[in-house]
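All of these numbers come straight from a predicted model, not from anything done at the bench. Values below: every heavy atom of this structure, side chains too, minus hydrogens, waters and symmetry copies.
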Amino acid sequence: MSSGTLSILHISDLHWSEAKAIDIGIVRDALISDIREMKGAGHALDICIFNGDLVIGGQDQDLFEKAFKAFIQPILDAAKITRDRFFIVAGNHDFNREIVRSEDYIDQGLRAKLSDVYTVNAFIDVERKSANLSPALKRMTNFSEFYKGLLAGDEIRNDIFLSTHKIEINGLSIGLACFNSSWRATGEANGVDQRKLLIGERNLDLAIEDLQGCDLKLALSHHPSEWLHEFDDLAVSSRMFAEFDIIFNGHIHRNYPTSKITPTGHAILSQTGCVFEWRDHFNGYQILEIDSKAGEVEFVIRSYTDIPRRKFHAALNVADEGRIKLSMPIKAGKTNGDVEKILRTTRPAIRSAASTHIDITKADEISRVDIRSAFVCPPLRTGKHRTTSTDNTTNTVSDIDADKILQSTGNYSIAGSRESGRTSLAHFLSVMCSEGACDRPRIPLVVEYSVTRLTLNGLRQTFHNYLGTERSSKVFDDSFKAGDLLVIVDNFLGLDIDKKADLKKLIAEYPGNRWILISEARTNGQDPKSATSDTFDGFQPVQIQNLKRKDVRALSSRWCAVHGKDENKTFEDVLAYIRHGNLPQTGYIVSLVLLAVHQERQMERV
């Protein structure tokens with residue numbers, strides 16, 4: 001009988017150098033002694049995860065081998081962990097900084113070029129097909145050669161960006177994705193790299209596809225998500241929290257395990273400390289005891305004291321008795337491989353459609369803004385709504401977030417006034433769904449009600465036009481029959497009773513798919529008892545509200561980040577325009593005002 005348990009030794013940030021070899025050896029010996037005590041206390045230590053910065057600098061390939069022989073191998077021997085159960089990622093000390101410094105023009109060019117999800121994905125695709133490392137990635141050569149020597153040959157994939165592995169322990173099928181977060185790092189001091197690093201959405205997609213069907217999924221990267229560029233953080237973190245159970249990081253030199261819930265999912269963050277900086281530094285490591293059946297992870301956190309005992313002990317400064325127990329909802333079986341493959345190829349089209357709609361400047365493809373960074377979701381409210389002008393029923397309303405709508409399993413009808421940003425909201429929901437922020441993996445489809453025949457053939461054609469997928473007819477038929485779609489019907493209007501009946505029939509005949517109807521607010525529009533309403537029985541009514549002041553500031557800030565304008569001045573100008581013109585404070589109107597402010601400063605006529 002399988003126990004469904006897994007014991008992980010988690011260490012990081014050794015910074016091995018020959019100059020510090022004697023002091024490192026002192027800490028190593030204390031660590032070996034502590035690991036043996038932990039083994040004797042019942043900790044199985046099935047695998048070892050090392051989260052980067054193995055060496056002080058990656059200029060010398062031999063340094064990696066020396067660090068492994070002098071430190072890692074003795075640790076593995078003490079834990080009785082074989083080399084094929086040792087998993088490592090590159091840190092910002094593990095690449096050749098001399099290359100970065102001597103060829104800084106390459107780094108400057110990449111920072112300008114790799115400015116959004118699309119260009120990063122395209123760059124990764126080209127590099128992955130290349131037989132040799134380009135000048136942009138040569139900094140990783142020494143680590144890459146060292147890493148190849150560690151592999152047992154049973155990895156699913158291995159390249160400069162990502163390696164994926166499947167192993168089985170105690171009846172658990174375990175998938176590990178080792179992401180390189182350092183391929184865009186310079187390694188310079190004072191946080192120079194913060195918010196400039198990249199993992200790449202494409203690598204997340206491939207990892208998820210490689211590890212489908214695993215009971216437990218573990219993601220490794222040296223840097224926490226806060227070090228990624230904002231657009232990469234949005235694209236990567238949403239997918240990571242949706243699909244992985246535990247995320248392992250190093251870099252920040254402190255033990256801080258947490259359980260984090262985001263709009264896209266719930267994951268455990270195993271943030272481990274630095275195993276060696278210098279002897280009187282806070283050197284530490286941790287053990288994870290995972291019980292998949294109970295849905296729990298216990299962290300056993302250890303720290304080193306140099307004087308007087310040169311010994312590791314319970315990290316009482318981190319947690320009582322040096323232990324923390326966190327709940328862990330296992331995501332086993334959540335990933336649908338077929339849907340993931342479709343989303344990987346269609347996600348760019350979904351984003352492009354959204355960006356085209358919200359970009360009122362009609363910018364070219366390169367300078368077009370991304371909806372996740374340029375759109376602020378308006379406040380949404382759900383509850384009972386007034387059905388007639390003489391209805392005195394008191395509204396019972398409550399706020400609801402877009403992510404809660406997507407994560408539920410129900411259908412919704414959303415109503416908003418003119419210029420409230422209904423279509424922008426439709427595209428925003430579609431992008432969020434494509435990135436995993438849904439009750440399960442689904443393919444989003446935005447349908448314009450006024451021009452779409454709501455029949456199987458009509459939806460099939462819309463599917464092809466929206467996603468541009470090859471063999472789209474078969475893809476649509478299989479997905480729709482399997483209930484894998486989220487259909488967002490924009491500008492829905494129930495006045496055409498026959499057309500509404502066609503939609504109702506379609507919903508009934510293909511259960512499992514989810515539906516969101518978006519319409520202009522009108523009397524009786526949210527009343528399911530009315531034959532001409534803009535909803536159906538069982539659909540939860542939601543109303544779009546005006547933006548709050550903080551939402552206007554957020555939208556102004558994001559606009560200024562794209563166009564290089566003064567944030568505070570722009571925000572005040574926007575509010576002045578809205579007050580002077582007595583305009584509704586909606587997302588669409590605020591976007592128009594931002595454009596007006598921008599063009600007026602350049603002496604252009606609005």
Side-chain angles (χ1 to χ4, degrees), residues 6 8 10 46-52 81-91 94 120-121 124-125 127-130 133 137 140 143-169 172-183 198-223 225 228 232 235-250 265 267-268 270 290 330-341 343-345 347 436 441:
L6 178 67
I8 300 175
H10 187 195
D46 300 306
I47 68 174
C48 177
I49 287 176
F50 189 92
N51 262 106
I81 297 173
T82 56
R83 184 179 286 206
D84 63 332
R85 294 294 183 260
F86 173 72
F87 302 93
I88 185 173
V89 292
D94 293 326
V120 172
N121 283 343
I124 290 171
D125 291 341
E127 293 293 333
R128 186 165 268 126
K129 293 175 183 177
S130 175
L133 290 180
L137 298 174
M140 301 301 309
F143 178 85
S144 179
E145 291 302 314
F146 160 72
Y147 187 74
K148 288 177 184 176
L150 291 179
L151 297 174
D154 57 353
E155 65 277 0
I156 301 171
R157 80 170 65 241
N158 176 50
D159 56 47
I160 202 70
F161 302 106
L162 167 71
S163 67
T164 52
H165 313 259
K166 281 184 180 180
I167 59 176
E168 186 163 327
I169 296 175
L172 273 179
S173 173
I174 302 157
L176 296 100
C178 301
F179 296 102
N180 183 355
S181 64
S182 300
W183 64 274
L198 302 170
I199 286 179
E201 178 200 59
R202 179 74 80 244
N203 296 318
L204 260 292
D205 290 342
L206 291 173
I208 292 167
E209 185 177 323
D210 287 349
L211 303 182
Q212 58 182 286
C214 290
D215 300 320
L216 185 69
K217 297 177 188 174
L218 313 178
L220 289 62
S221 69
H222 179 65
H223 298 88
S225 63
L228 301 179
D232 197 57
V236 167
S237 295
S238 62
R239 308 279 291 134
M240 201 172 281
F241 274 90
E243 298 295 342
F244 287 88
D245 301 290
I246 307 178
I247 300 168
F248 293 81
N249 298 128
I268 299 292
S270 183
I290 301 170
I330 299 293
K331 302 180 177 71
K334 180 177 179 181
T335 300
N336 182 320
D338 292 335
V339 171
E340 286 297 334
K341 289 179 182 177
L343 287 174
R344 181 156 63 89
T345 58
R347 204 170 279 124

List for me each residue that meets ring pair (Phe, Tyr, Trp, His ring centres under 6.0 Å) alongside Phe179, sequence neighbours excluded, and say none if there are none. none
Keeping His222 on the side-chain end and Asn51 on the backbone end, is there a donor-acceptor pair under 3.5 Å? yes
With a 4.0 Å cut-off, would you call Arg85 and Asp46 a salt bridge? no
Looking at Leu172, is its backbone amide N or carbonyl O close enough to the side chain of Asp215 to form a donor-acceptor pair, meaning the two atoms are under 3.5 Å apart? no
Please check if the side chain of Gln212 supplies one atom and the backbone of Glu209 the other of a donor-acceptor pair under 3.5 Å. yes
At what distance, to the nearest 0.5 angstrom, does CD1 of Ile160 lie from CD of Glu127? 9.5 Å
Run the side-chain contact (heavy atoms from CB on, under 4.5 Å) check on Leu176 and Thr164 step by step: do they pass? CA-CA 6 Å; Leu176 296 100; Thr164 52; over 6 Å; no
Once rounded to the nearest 0.5 Å, what's the spacing between atom CD of Glu168 and atom OG of Ser173? 6.0 Å
Pro441 and Glu243: which non-hydrogen atoms are nearest, and at how many Å? CG-OE2, 4.2 Å
Stepwise side-chain contact (heavy atoms from CB on, under 4.5 Å) test for Ser182 and Phe143: CA-CA 11 Å; Ser182 300; Phe143 178 85; over 6 Å; no
Are the side chain of Trp183 and the backbone of Leu198 linked by a donor-acceptor contact shorter than 3.5 Å? yes
Any heavy-atom pair between the side chains of Asp94 and Phe146 that's under 4.5 Å? no
Keeping the roles fixed (side chain from Asn203, backbone from Leu162), state whether a donor-acceptor pair exists under 3.5 Å. no
Plane angle bin for Phe86 and Phe50 - parallel if under 30°, tilted between 30 and 60°, otherwise perpendicular: tilted
Note, Glu155 side chain near Ser163 side chain (heavy atom, < 4.5 Å): no
Nearest-0.5 Å distance that lies between atom CG in Leu220 and atom CD1 in Ile247: 10.5 Å
Taking all heavy atoms of Asp232 and all of Gly200, pick out the closest pair and write down the distance. OD1-N, 3.2 Å
Rounded distance [0.5 Å steps], CD1 in Ile47 versus NE2 in His165: 10.5 Å
Pair Ile174, Lys166 - check side-chain contact (heavy atoms from CB on, under 4.5 Å), show working. CA-CA 6 Å; Ile174 302 157; Lys166 281 184 180 180; over 6 Å; no
Side chains of Phe244 and Arg239 in contact at under 4.5 Å (non-hydrogen atoms): no
Does Ser181 use its side chain to pair, donor to acceptor, with the backbone of His223 at less than 3.5 Å? yes
Could you tell me the separation between the CD1 atom of Ile49 and the CD1 atom of Ile246, rounded to the nearest 0.5 Å? 8.0 Å
Can you check whether Lys217's main-chain N or O pairs, donor with acceptor, with Asp245's side chain at less than 3.5 Å? yes
Between the main-chain N or O of Ser221 and the side-chain N or O of Asn249, is there a donor-acceptor pair closer than 3.5 Å? yes
Among residues at least two apart in sequence or on other chains, which ones pass side-chain contact (heavy atoms from CB on, under 4.5 Å) with Lys148? Ser144, Glu145, Asn158
Please test Asn180 against Val89 for side-chain contact (heavy atoms from CB on, under 4.5 Å), starting from the C-alpha separation and ending with a verdict. CA-CA 6 Å; Asn180 183 355; Val89 292; over 6 Å; no
From Leu206 atom CG to Asp125 atom CG, the distance as rounded to the nearest 0.5 Å: 8.0 Å
